[in-house]
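The sequence lines fix the lettering, A, B, ..., with proteins before strands; numbering per chain opens at 1. The basis for the numbers below is simple: all heavy atoms, side chains too, and nothing from hydrogens, waters or symmetry mates.
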Number of protein chains: 2
Amino acid sequence: MNSFTEENYLKTIFHLSEKADGPVATNSISEVMGNKAASVTDMLRKLAEKGLINYVKYQGVSLTKKGRETAIAIIRKHRLWEVFLVEKLGFKWDEVHDIAEELEHIKAPELVDRLDTFLGHPTHDPHGDPIPNSHGEFQHNEWIILTKMNPGQTGILSGVSEHSTVFLQYLEQQGLLLGTRIKLEEIMAFDGSLKLLINQNQSLSISREAAKNLLMLHEN
Amino acid sequence: MNSFTEENYLKTIFHLSEKADGPVATNSISEVMGNKAASVTDMLRKLAEKGLINYVKYQGVSLTKKGRETAIAIIRKHRLWEVFLVEKLGFKWDEVHDIAEELEHIKAPELVDRLDTFLGHPTHDPHGDPIPNSHGEFQHNEWIILTKMNPGQTGILSGVSEHSTVFLQYLEQQGLLLGTRIKLEEIMAFDGSLKLLINQNQSLSISREAAKNLLMLHEN
DNA sequence: TTAAAAATTTAGGTTAGTCTAAATATTGTT
DNA sequence: AACAATATTTAGACTAACCTAAATTTTTAA
Ligand SMILES: [Mn+2]
Ligand SMILES: [Mn+2]
Ligand SMILES: [Mn+2]
Ligand SMILES: [Mn+2]
């Protein structure tokens, strides 16, 4: 059995592996986890010992099959609990991440699949992230970052890459919920800010900074 | 914030305080928790330091107001999660205790009350134990142990004082679910075993050992 | 191609929670 | 009241997960 701490390391390594390919650096783990690099090195040795990562000194790490499976199982739990908290308990989407950080470590093996059934086998969490099925398979999204769209194009807001409470609350305030139809009207030359048309009737201007975290699906 | 370990000590001290009155002995905590007495002593010093227990060396411990409140909050969570697991996820009553042992330590303050609302403010858990309300108040049961009833009397099975899977499965097999109407017909002189009439039509004999764990409410 | 900068690991320490063995206090029994 | 039995605490050690400071390796860039 893995400790909470080990599970958190695996999750972090998984997420970092998704972004850049090639091995994950000690320092990047250190930065995400808020631990010192020396502490990370200690843990990497332990995870390698347990067969969860491939680790070559000074060369960074990657997850083994077993490590990846473990990480995905945790992410599955995290996202299912987030759905539960929003759909069943009525939490807002900006309130659930930290609670799910705790719940994702509950070990009981039967629990996950029963929760999945209870929730009706959801495919995405409240932030638009895909929920892996019980075999660990992700349904991968064809997301385009809003800033990569061309003026004149329309898409559906389908995910966010920044999960902080302050950002999610900002989106809600602007009426930018998942499922919103957004037309990119213009990108301002001066500061890169974006002029949007929301649901065909409301216009809104947002910063490039905010737009970088909005993940869109083309309509079709 | 208290650690998982501290919370488990508080819960154990609470339960032991309920049984016998007067201070709780180091050895009894040691026995329940499966730790050595020396380890218990270390923890008692720490809990006293934090103002959660009254501790006089060699004289045993009792919970302070703060300690009792903390313990009750954990028990509330434990029992609410047990209800959730049985009512919503379809677990059997003998499967939920260990899972609730994990879930009871989830810290998120809003979660408990939302769960309580979602479940419809249940007053008892799947084993018949009362669930304290959000002010920490228990609705105390007027339970009588089955072995204390007189032959000829009838009551409703309303709780169990032994929560092990093997015992709960045995009860289920015998058709002894919570809510069952039981008439005590006769106590055998030879071995103290009890002859019962269940739901007015089915007769059943159970050992004194088993009967000691069955908590009854008189009909009225 | 080499020296400086950056990344990573090693060495040595700390704290929480556990242990065993030994010391001490309390309780029970003649 | 005194001694034996029992309960409890103290002393000293261990592991997991962290830390700082120093050493080492890799990378960058003159
Ligand atoms: Mn999350
Ligand atoms: Mn999410
Ligand atoms: Mn229980
Ligand atoms: Mn229970």
Item to check | Contact nearer the 5' end of DNA chain D, comparing D42(A) with Y58(A) | outcome: D42(A)
Next on the checklist: Would you call the rings of W81(A) and F84(B) parallel, tilted or perpendicular, taking 30° and 60° as the class edges?
Outcome noted: tilted
Checklist entry - Got a donor-acceptor contact below 3.5 angstrom from the E87(A) side chain to the L119(A) backbone? => result no
Checklist entry - Looking only at side chains, do S134(B) and D113(B) share a donor and an acceptor under 3.5 Å apart? => result no
Item to check | Check: N213(B)/S161(B) side-chain N/O donor and acceptor closer than 3.5 Å | outcome: yes
Checklist entry - Does NZ or CZ of R114(B) come closer than 6.0 Å to the centre of the six-membered ring of F91(A), within 45° of the ring's axis? => result yes
Next on the checklist: So, does S39(A) get its side chain near the phosphate of dC19(D), meaning an N or O under 4.0 Å from OP1 or OP2?
Outcome noted: yes
Item to check | Nucleotides bounding contact with chain A, strand DNA chain C, heavy-atom threshold 4.0 Å | outcome: dA7(C) to dT10(C)
Checklist entry - Within 45° of the ring axis of Y55(B) and under 6.0 Å from its six-membered ring centre, is that where the NZ or CZ of R45(B) lies? => result no
Next on the checklist: Any residue in residues 25-37 of chain A with a heavy atom nearer than 4.0 angstrom to DNA chain C? Just list them by number, or reply none.
Outcome noted: A25(A), T26(A), N27(A), A37(A)
Item to check | Short side-chain donor-acceptor distance under 3.5 Å, H163(A) and D94(A) | outcome: no
Checklist entry - Between N141(B) and H124(B), is any side-chain donor less than 3.5 angstrom from a side-chain acceptor? => result yes
Checklist entry - Going through the distances and angles, do H78(B) and H97(B) end up as a side-chain hydrogen bond (donor to acceptor under 3.5 Å, both in side chains)? => result CA-CA 8 Å; H78(B) 181 105; H97(B) 179 75; 3.2 Å; yes
Next on the checklist: Regarding T5(B), tell me which of base, sugar-phosphate or nothing describes its non-hydrogen contacts under 4.0 Å with the strands shown.
Outcome noted: sugar-phosphate
Checklist entry - Have Y9(A) and N35(A) got a donor and an acceptor in their side chains that come within less than 3.5 Å? => result yes
Checklist entry - Quick one: is R45(B) getting a side-chain N or O under 4.0 Å of the dT9(D) phosphate, OP1 or OP2? => result no
Item to check | Spacing of Q59(B) atom CD relative to dT6(D) atom C1', expressed in whole Å | outcome: 14 Å
Next on the checklist: Side chains of W93(B) and E172(B): any donor to acceptor distance under 3.5 Å?
Outcome noted: yes
Checklist entry - Which of residues 9-20 of chain B sit near DNA chain D, with a heavy atom under 4.0 Å from it? => result none
